[in-house]
Amino acid sequence: MAPPAQPKLVVGIGELLWDLLPSGPRLGGTVSNFAVMAGRLGSHAICASRIGTDDLGGRARNGLSQLPVDTAFLQTDPQHATGTVSVQLKDGQPQYDIKEPVAWDFLELSPDWLDLAAGAAAVCFGTLAQRHSVSRHTIAGFLAATAPACVRVFDVNLRAPFYSAGVVERSLQLTTLLKMNDTEMPRMLSLLGLGGDAEGTTPEALLAGARKMLEHYPVHLVCVTMGGSGSLLVTREQVHRHPGIPVQVVDTVGSGDAFTAALTHYYLQNAPLSVISDAGNRWGSWVASQPGAMPPLDPATHERITAAIGHFG
């Protein structure tokens, strides 16, 4: 009997921070949330970020150590504080006040990070952690050090004013999987000079926008999430529209990141678009039904959601 396959090495590089919610602080950050869900789905998940020497930094490291995430590549910054974001919920949707500068603005491209990049099966990155030139150059160097087969996942996560056309354009040139939500699509198209208008969130406009991205950039797959209305996955050969999974929403913080992790996990398994899309919607919906971005996950819930996604191959 062949030995079991080793878990794939999946990295989230960028921001690890505390979401300061009305109900109290909760650990978060787009790529950190991604890494936690990637670990829960069975990958060897790495959080490549940077924290301060303050109390919040220690609590962040301790919090992650209790989750299926490898913290060996979590850097410590002696000069800058651990990242925080003030989050207010309006009709269940988060509104953000992101502090700067903080520790994750100064990611260092160390020799061990370069070795990590070379062995990664997938890397998730976004725009927020590229707001400062230091981390922007580090992320670019990390992506350049990955193997040709590495799946580079660009979860755009636009947070004004922390993005620019230049950052987005350079990121897209390195992207395998491009993920955004429906409100980001017209903003992306406008930013890149590819169109975009007030009607840009209709299913037809989203599909047209995804095809423009595929036409202009070396992206293999475009994913557009649409909240409770599901998602749209588009490649050069196929389109899959998922209607979504109905849930009682508690808050949506981290739900898109869970979607991205499931998208990546099943893409690495060469799953069909229908399975990839279903997995993303089911895990994203589950997080939306729980408080916080990294809610506790019991084995029964894990088994139930995995079984609902089904098998393939």
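Please read these numbers as outputs of a predicted model, since none were measured by experiment. Along the sequence shown, residues carry numbers from 1.
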Original post:
Do you know which of L232, T202, V224 makes side chain to side chain contact (heavy atoms under 4.5 Å, CB included) with D182?
Top reply: V224
Original post:
Is L221 reachable from V10 through a run of hydrophobic residues whose side-chain heavy atoms are each under 4.5 Å from the next?
Top reply: yes
Original post:
Looking at S49 and L16, what are the two nearest heavy atoms and their distance?
Top reply: OG-N, 3.0 Å
Original post:
For the atom pair OG1 (T264) and CZ (F34), what is the distance rounded to the nearest 0.5 Å?
Top reply: 4.0 Å
**OP:** Please answer: with hydrophobic residues joined when any side-chain heavy atoms are less than 4.5 Å apart, are I98 and V156 in the same cluster?
**Re:** yes
Original post:
Can any side-chain N or O of E184 pair as donor or acceptor with the backbone N or O of L158 at less than 3.5 Å?
Top reply: yes
Original post:
Measuring from I309:CD1 to I276:CD1, what's the distance to the nearest 0.5 Å?
Top reply: 11.5 Å
Original post:
From H242 NE2 over to I245 CD1, what is the distance, rounded to the nearest 0.5 angstrom?
Top reply: 4.5 Å
Original post:
So, D19 and R26, do they make that salt bridge, N to O below 4.0 Å?
Top reply: no
Original post:
Taking R50 for the side chain and F106 for the main chain, is one N or O donor matched with an acceptor at less than 3.5 Å?
Top reply: yes
**OP:** May I ask you to decide if G256's main-chain N or O and K179's side chain share a donor-acceptor pair within less than 3.5 Å?
**Re:** yes
Original post:
In Å and rounded to the nearest 0.5 Å, what is the CG to CE distance from L207 to M185?
Top reply: 8.5 Å
Original post:
Can any side-chain N or O of Q130 pair as donor or acceptor with the backbone N or O of V167 at less than 3.5 Å?
Top reply: no
Subject >> Non-hydrogen atoms of R236 and Y217 that approach each other most closely >> reply: NH2-O, 2.9 Å
Subject >> same_hphob_cluster(L27, V36) at 4.5 Å side-chain heavy-atom cutoff >> reply: yes
Original post:
Between S231 and N281, does any side-chain donor sit less than 3.5 Å from a side-chain acceptor?
Top reply: yes
Subject >> Considering all heavy atoms, the nearest V168-F154 contact >> reply: O-CE2, 4.1 Å
**OP:** Kindly indicate whether the side chain of H44, heavy atoms from C-beta on, has any atom under 4.5 Å from the side chain of L9.
**Re:** yes
**OP:** If the plane angle is over 60° it's perpendicular, under 30° parallel, otherwise tilted; pick one for W283 and W286.
**Re:** perpendicular
Original post:
With no hydrogens and no angle check, is any side-chain donor or acceptor of T146 less than 3.5 Å from a backbone partner on F142?
Top reply: no
Original post:
Does a donor on one side chain and an acceptor on the other come within less than 3.5 Å for R61 and T76?
Top reply: yes
Original post:
Honestly curious: do M213 and V234 fall in one hydrophobic cluster under the side-chain, below-4.5 Å linking rule?
Top reply: yes
**OP:** With rounding to the nearest 0.5 Å, note down the distance linking CZ in F73 to CG in L116.
**Re:** 4.5 Å
**OP:** Without swapping roles, check the side chain of K212 against the backbone of L189 for a donor-acceptor pair under 3.5 Å.
**Re:** no
Subject >> Residue pair L109 / L107, side-chain heavy-atom distance below 4.5 Å >> reply: no
**OP:** Indicate the atoms forming the closest heavy-atom contact of L233 with C223, along with that distance.
**Re:** CD1-SG, 3.7 Å
**OP:** Dump the intermediate steps for side-chain contact (heavy atoms from CB on, under 4.5 Å) on R159 and T127, then the final yes or no.
**Re:** CA-CA 8 Å; R159 297 283 181 262; T127 55; over 6 Å; no
**OP:** Group every Ile, Leu, Val, Met, Phe, Trp and Tyr by side-chain heavy-atom contacts under 4.5 Å, then state whether V123 and L41 land in the same group.
**Re:** no
**OP:** Decide side-chain contact (heavy atoms from CB on, under 4.5 Å) for I51 and L74; before the verdict, give the C-alpha distance in whole Å, the side-chain angles of both, and the deciding distance to 0.1 Å.
**Re:** CA-CA 7 Å; I51 53 176; L74 189 57; 4.0 Å; yes
Subject >> Expected output: side-chain T82 to main-chain G52 donor-acceptor under 3.5 Å >> reply: yes
Original post:
Do T301 side-chain atoms and L297 backbone N/O form a donor-acceptor pair below 3.5 Å?
Top reply: no
Original post:
Which is it for M294 and L67 under the side-chain contact (heavy atoms from CB on, under 4.5 Å) test, yes or no, and what are the steps along the way?
Top reply: CA-CA 9 Å; M294 304 175 184; L67 296 164; 3.9 Å; yes
**OP:** Apply side-chain contact (heavy atoms from CB on, under 4.5 Å) to the pair R152 and T176, showing each step before the final yes or no.
**Re:** CA-CA 5 Å; R152 291 171 290 275; T176 312; 4.0 Å; yes
Original post:
Picking from L64, V11, I13, N33, what satisfies side chain to side chain contact (heavy atoms under 4.5 Å, CB included) with C47?
Top reply: L64
Original post:
Is it true that a side-chain atom of S277 and a backbone atom of L273 form a donor plus acceptor pair closer than 3.5 Å?
Top reply: no
Original post:
Can you tell me how far the CG atom of D105 sits from the CD atom of E100, to the nearest 0.5 Å?
Top reply: 6.5 Å
**OP:** For atom CD of Q173, decide whether the heavy atoms of other residues, nucleotides or ligands shown that lie under 6.0 angstrom number more than 12.
**Re:** yes
Subject >> Non-hydrogen atoms of R136 and R131 that approach each other most closely >> reply: NH1-O, 3.5 Å
Subject >> Minimum heavy-atom distance N157-E15, with the two atoms named >> reply: ND2-OE2, 4.0 Å
Original post:
Does S133 offer a backbone N or O that forms a donor-acceptor pair with the side chain of H137 under 3.5 Å?
Top reply: yes
